[in-house]
Number of protein chains: 2
Amino acid sequence: MSTQERLVRSTQELLWERGYVGTSPKAILERAGVGQGSMYHHFAGKSDLALAAIRRTAETMKESADACLSGPGTAYERVAAYLLRERRVLRGCPIGRMTQDRDVVQSPELRQPLDEMFGWLRGRIAEVLAEGQRRGELAAALDPAATAATVAAVVQGGYVLARAADDTAPFDAAVRGALALLASQVTPAAG
Amino acid sequence: MSTQERLVRSTQELLWERGYVGTSPKAILERAGVGQGSMYHHFAGKSDLALAAIRRTAETMKESADACLSGPGTAYERVAAYLLRERRVLRGCPIGRMTQDRDVVQSPELRQPLDEMFGWLRGRIAEVLAEGQRRGELAAALDPAATAATVAAVVQGGYVLARAADDTAPFDAAVRGALALLASQVTPAAG
DNA sequence: GTCTATAAATGGATAGAC
DNA sequence: GTCTATCCATTTATAGAC
């Protein structure tokens with residue numbers, strides 16, 4: 001693996017674990033196993049390296065979410081697949097985590113990948129729900145965009161509740177509650 | 001206002017804005033307008049002061065949430081009052097924010113107020129929903145505990161989505177979607 | 001109780017040898 | 001390209017004067 005690649009991956013891990021403020025260039029270098037000079041040769045500095053790492057993480061998350069949402073089954077089943085997919089809940093969301101970092105949200109460049117990723121996610125879930133309505137699987141009264149935001153929020157908020165409790169149970173409960181509510185919108189004919 | 005009080009309030013503000021890692025004793029002192037010695041006279045150090053600040057913030061949040069949830073109206077109306085209450089959405093939740101801070105969740109003492117606060121919140125919402133069921137306002141099939149976790153998660157996740165977008169719209173959409181789903185559980189007789 | 005002075009460690013980055 | 005050495009500010013805390 002190239003030095004650049006090792007630096008990016010170390011940064012991805014550290015940003016996830018400690019956030020932007022909590023991640024020092026020194027820690028990145030140590031984890032990557034490279035010297036100080038290498039980092040400043042390949043990247044302009046901490047924020048430049050963070051940008052590369054955040055973009056990479058956002059892209060990966062997008063792909064893994066899309067695998068659930070574009071899979072087979074009804075709209076309800078695809079949303080359920082997304083909500084129930086395996087997660088290391090107590091680690092939290094690597095992208096959602098960045099929204100709590102002042103330096104990240106205040107930098108248009110660093111915030112952009114977060115905005116893009118969550119915007120895409122809400123849009124994709126809304127598409128799945130709208131498709132379910134067209135197929136007659138879901139109640140026509142459902143607002144696809146609002147419901148999509150709710151689904152995305154349940155996941156992000158579930159992480160918060162789980163980390164506060166140091167227990168995955170609140171995450172699972174939040175997902176279960178959301179799915180039960182959504183199930184009540186599934187039309188009898190399609191159920 | 002006493003020196004102690006000024007220190008606690010400055011810490012509350014800074015923890016909200018910058019998180020635990022991002023908050024230095026120096027910044028606290030400057031905002032409080034006191035010297036270095038005062039802080040170490042009244043508090044053992046940064047974490048001790050943070051503990052006082054987090055406890056205070058959690059207590060305040062509990063009171064303000066309870067004001068909505070214990071108000072007048074049907075169960076749906078009380079949950080709606082909580083979800084729709086005025087918030088400075090882009091600032092995020094001062095308690096939820098702490099769950100993204102490694103040093104906080106790894107310290108049993110610092111995490112305890114978060115756990116207590118969110119545990120209480122989920123329990124209180126569940127009580128309101130269960131009461132609604134007993135009164136015949138809400139469908140009996142609803143799982144109060146799971147739905148309560150969903151409601152709490154929607155708020156916390158809504159903050160995340162809003163901060164990523166630098167726009168309150170995703171928060172409002174998530175709340176609207178959750179309320180629409182919950183409204184479908186309101187029994188016709190009580191609607 | 002409150003202040004300033006000081007200290008040891010870390011943060012983020014630059015210089016320059018190889 | 002990669003490394004070590006160096007730099008200055010900040011972090012967290014202690015010491016001790018007032």
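Just so it is clear: chains get the letters A, B, ... in the order the sequence lines come, proteins before strands, and each one is counted from 1. Remember, it's a predicted structure, so these values are computed and weren't measured experimentally.
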Open item on the list: Could you tell me if A:Lys46 sits above the aromatic ring of A:Tyr20, with its cationic atom closer than 6.0 Å to the ring centre and no more than 45 degrees from the axis?
Closed with: yes
Could you list the donor-acceptor pairs under 3.5 angstrom formed between side-chain atoms of residues 108-121 of chain A and any protein atom two or more places apart in sequence or on another chain?
from, atom 1, to, atom 2, distance (Å)
A:Arg111, NH1, B:Ala164, O, 2.9
A:Glu116, OE2, A:Lys62, NZ, 3.4

TODO: Identify whether any heavy atom of B:Ser2 sits under 4.0 Å from a base atom; if not, whether one sits that close to sugar-phosphate; answer base, sugar-phosphate or nothing.
DONE: nothing
Open item on the list: Could you work out, with salt bridge (charged side-chain N to carboxylate O under 4.0 Å, His left out) as the rule, every residue matching B:Arg134, not counting sequence neighbours?
Closed with: none
- [ ] Give the rounded distance in Å between these two atoms: CG of B:Leu7 and C1' of C:dT2.
- [x] 11 Å
TODO: Would you please confirm or rule out a distance under 4.0 Å between OP1 or OP2 of C:dT2 and any side-chain N or O of B:His42?
DONE: yes
- [ ] Compare every heavy atom of B:Gly92 with every heavy atom of B:Trp16, then report the nearest pair and how far apart it is.
- [x] NE1-O, 3.0 Å
TODO: Whole angstrom is fine here: how far is it from CD1 in A:Ile28 over to P in C:dG11?
DONE: 11 Å
- [ ] Can you figure out which of C:dC3, D:dC3, D:dT12 approaches the side chain of B:Tyr40 most closely?
- [x] D:dT12
Open item on the list: Contact between B:Glu137 and B:Tyr76 at the side-chain level, heavy atoms closer than 4.5 Å - yes or no?
Closed with: no
Open item on the list: With heavy-atom distances below 4.5 Å as the criterion, would you say the side chains of B:Met61 and B:Cys93 are in contact?
Closed with: yes
- [ ] To the nearest Å, give me how far apart CG (B:Leu29) and C1' (C:dC3) are.
- [x] 12 Å
Open item on the list: I need the NE2-P distance between B:His41 and C:dT4, as an integer number of Å.
Closed with: 16 Å
Between protein and nucleotides 4-8 of chain D, what N or O pairs are separated by less than 3.5 Å?
none

Task: Min side-chain heavy-atom separation B:Val8-B:Gln4 under 4.5 Å - done: no
Task: Position toward the 5' end of DNA chain C (nearest nucleotide), A:Lys26 or A:Ala44 - done: A:Lys26
Task: Atom-to-atom span, CG of B:Leu49 to P of D:dT11 - whole angstrom - done: 15 Å
- [ ] May I have the distance from A:Gln4 (atom CD) to D:dT2 (atom P), rounded to whole angstrom?
- [x] 8 Å
Task: d(CZ, B:Phe43; P, D:dA13) in whole Å - done: 14 Å
TODO: Examine D:dG1: is either OP1 or OP2 under 4.0 Å from a nitrogen or oxygen in the side chain of A:Thr3? Give yes or no.
DONE: no
Open item on the list: Please enumerate all residues that pass salt bridge (charged side-chain N to carboxylate O under 4.0 Å, His left out) together with A:Arg18, with sequence neighbours excluded.
Closed with: none
TODO: May I have the distance from A:Lys46 (atom NZ) to C:dT10 (atom P), rounded to whole angstrom?
DONE: 16 Å
Open item on the list: OP1 or OP2 of D:dT11 versus the side-chain N and O atoms of B:Ser24: is any pair under 4.0 Å?
Closed with: yes
Task: Summary of ring pair (Phe, Tyr, Trp, His ring centres under 6.0 Å) pairs that have at least one residue in residues 133-177 of chain B, sequence neighbours excluded - done: B:Tyr159-B:Phe171
Open item on the list: Roughly what angle, to 10°, lies between the helix axis at the start of the helix from C:dG1-D:dC18 to C:dC18-D:dG1 and the one at its end, five pairs per end?
Closed with: 10°
